[in-house]
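Down below is the structure, laid out as structure tokens.
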Amino acid sequence: MKNLIVTLFGFFLLASSALAQQVEDFDSIQLYTLTNRQGMKVKITNYGAIITSIMVPDRDGKMADVALGYDRVEDYINAVDKPYFGAIVGRYGNRIAEGAFTLDGETYTLAINNPPNHLHGGVIGFDKVVWGARLTRGSGWQGVELKYRAKDKEEGYPGNLDVTVTYKLTDKNELRVEYQATTDKATPVNLTQHSYFNLKGEGEGTILDHELMISAKQYTPVDEGLIPTGELPDVAGTPFDFTSPKPIGRDIGQEDQQLEYGLGYDHNFVLDKSEGEMSLAARVHEPTTGRILEIRTTEPGIQFYCGNFLDGRLKGKSGKPYVHRGGFCLETQHYPDSPNQPNFPSTILKPGDVYQSTTVFKFSAE
Ligand code: GLA
């Protein structure tokens, strides 16, 4: 059927030799377009397993691209300030304190790429490598399966880790992200999806009027370096209470030490659920367009980051600047720094076990 045809493009024509040196197999970088019966369109590249575009209708059927990003692969490779637009983050999403952890009696040291800590898998994390990719389809969906082998000691982590991430666009306007990984040596694993959304459309101002609900009665407060203190306080009575929907901007200006540390929201929320349960983690509603994003996940946590480091210097696909708080991320995950926090759910994958995680981004409008 015509609307189920998956198109495959060579990604961006002009690869300079300098870029070709940075990325070994530049020629194999592709852009895949998934479509569904409702006209939704999602673009994914095998560079960093990045979602580059998500076209969704508003309440009047008007389409807009709600994902921040670039339209040239060079811009992803050279990105200033490394915003991780749309990428799969690994081997460990978010921070590991001082880039060190001890496992089975051995201490491992990782790059300090967010001084004094390690962030998002290191200098060349899963967001900056070329993945193997193939198109795949089933009843009511079409997708892209991406594979990457992170070698033993890559970015300092133990074990060869074989990762598969499958993106599936369904006819119900859901974008499913299915993660799987196996290892030959015990290692921390914490994979996430780092899309920035603006449900008005990318480049259409700030996200402060978006109404957000997070299914979390607790969160993990942090120190100045954004490492969790280990406590799990209640959100009730704090700016972190999103248990009922409220505009993201309502309490963001409150005097609060946690908001100061994060320069706004940049915190992990402890989802209300039993272990491994697939449940609603967050719901976002944009009042002017009526667009809604619901996120379901099997993960125990979600990092809510509201684009505090965006400052208008980066220009996106339409040439419009990405202003301060011009996009939000809701990164499903295990809690930051888990390898050093014995009271947090474990992120250690052992040989013979299979890491499995699923997150669903569902779009609608009302
Ligand atoms: C995550 C982190 C933030 C920041 C962004 C990328 O959300 O928690 O502090 O590093 O990624 O800019």
Side-chain angles (χ1 to χ4, degrees), residues 48-51 67-70 75-99 110-128 155 190-198 202 206-207 212 214 216 219-229 240 242 248 252 258-270 281-282 284 295 297 299 301-314 316 322-338 340-341 344 347 359 361:
I50 293 171
I51 298 173
L68 275 62
Y70 307 111
D75 293 333
Y76 285 100
I77 296 169
N78 295 329
V80 205
D81 298 340
K82 313 270 179 292
Y84 302 88
F85 285 153
I88 291 293
V89 172
R91 178 179 307 204
Y92 197 95
N94 215 279
R95 294 177 176 77
I96 296 180
E98 292 170 10
L110 310 167
I112 310 290
N113 58 329
N114 185 237
N117 301 314
H118 174 84
L119 175 68
H120 290 334
V123 178
I124 303 180
F126 294 0
D127 60 297
K128 294 180 193 69
E155 294 295 324
N190 189 28
L191 305 177
T192 191
Q193 220 299 322
H194 208 302
S195 281
Y196 288 61
F197 300 98
N198 184 327
E202 54 87 31
T206 79
I207 44 73
L212 170 66
I214 304 178
Y219 77 115
T220 53
V222 290
D223 66 15
E224 302 91 308
L226 302 189
I227 296 295
T229 59
F240 293 82
F242 285 94
I248 291 172
I252 206 169
Q258 285 299 313
L259 289 174
E260 269 170 43
Y261 287 164
L263 305 174
Y265 297 106
D266 189 355
H267 292 78
N268 171 69
F269 287 71
V270 176
V284 191
I295 302 178
T297 188
E299 286 298 305
I302 197 164
Q303 183 84 10
F304 170 43
Y305 166 64
C306 63
N308 306 313
F309 299 131
L310 298 177
D311 59 7
R313 276 186 301 158
L314 292 178
Y322 288 153
V323 298
H324 187 223
R325 299 183 176 147
F328 65 88
C329 303
L330 284 163
E331 305 155 59
T332 57
Q333 61 180 10
H334 273 57
Y335 314 161
D337 196 37
S338 296
N340 294 309
Q341 307 252 1
F344 287 177
T347 51
T359 293
F361 299 92

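Numbering of residues begins at 1 and proceeds along the displayed sequence. Numbering of ligands and ligand atoms starts at 1, following listing order.
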- Aromatic centroids of Tyr196 and Tyr322 separated by under 6.0 Å: no
- Atoms of ligand 1 under 4.0 Å from any heavy atom of Asp266, numbered from 1 in the order shown, are 2 (C), 3 (C), 7 (O), 8 (O), 9 (O)
- Within a strict 4.5 Å, meaning less than it, do heavy atoms of the Asn190 and Glu299 side chains meet? yes
- Message: I'd like to know if the side chain of Gln303 reaches the main chain of Asp266, judged simply by a donor and an acceptor atom lying under 3.5 Å from each other, with no hydrogens or angles considered.
- Response: yes
- Query: Which ligand 1 atoms, with their elements, are less than 4.0 angstrom from a heavy-atom of Asn94?
  - Reply: 2 (C), 8 (O)
- Task: Specify side chain, backbone, both or neither for Leu119, according to which of its non-hydrogen atoms lie closer than 4.0 Å to ligand 1.
- Result: side chain
- Under 4.0 Å to a heavy atom of Tyr305 - the qualifying atoms of ligand 1, by number: 5 (C), 7 (O), 12 (O)
- Message: Give the atom numbers and elements of ligand 1 that come within less than 4.0 Å of a heavy atom of Tyr84.
- Response: 6 (C)
- Query: Any donor-acceptor pair under 3.5 Å linking the side chain of Gln341 with the backbone of Pro228?
  - Reply: yes
- Item | Subset of ligand 1 atoms that lie under 4.0 Å from at least one heavy atom of Tyr196 | 6 (C), 12 (O)
- Item | Nitrogen or oxygen of Arg95 less than 3.5 angstrom from that of ligand 1 | yes
- Query: What atoms of ligand 1 come closer than 4.0 angstrom to any heavy atom of Glu331?
  - Reply: 1 (C), 7 (O)
- Item | Any donor-acceptor N/O pair, Asn117 side chain to Gly225 backbone, under 3.5 Å | yes
- Once the angle between the rings of Phe197 and Phe361 is folded into 0 to 90°, is it parallel (under 30°), tilted (30 to 60°) or perpendicular (over 60°)? tilted
- Where does the angle between the aromatic ring planes of Tyr219 and Phe269 fall among parallel (under 30°), tilted (30 to 60°) and perpendicular (over 60°)? tilted
- Task: Compute the minimum heavy-atom distance from Phe304 to ligand 1 and say whether it is under 4.0 Å.
- Result: no
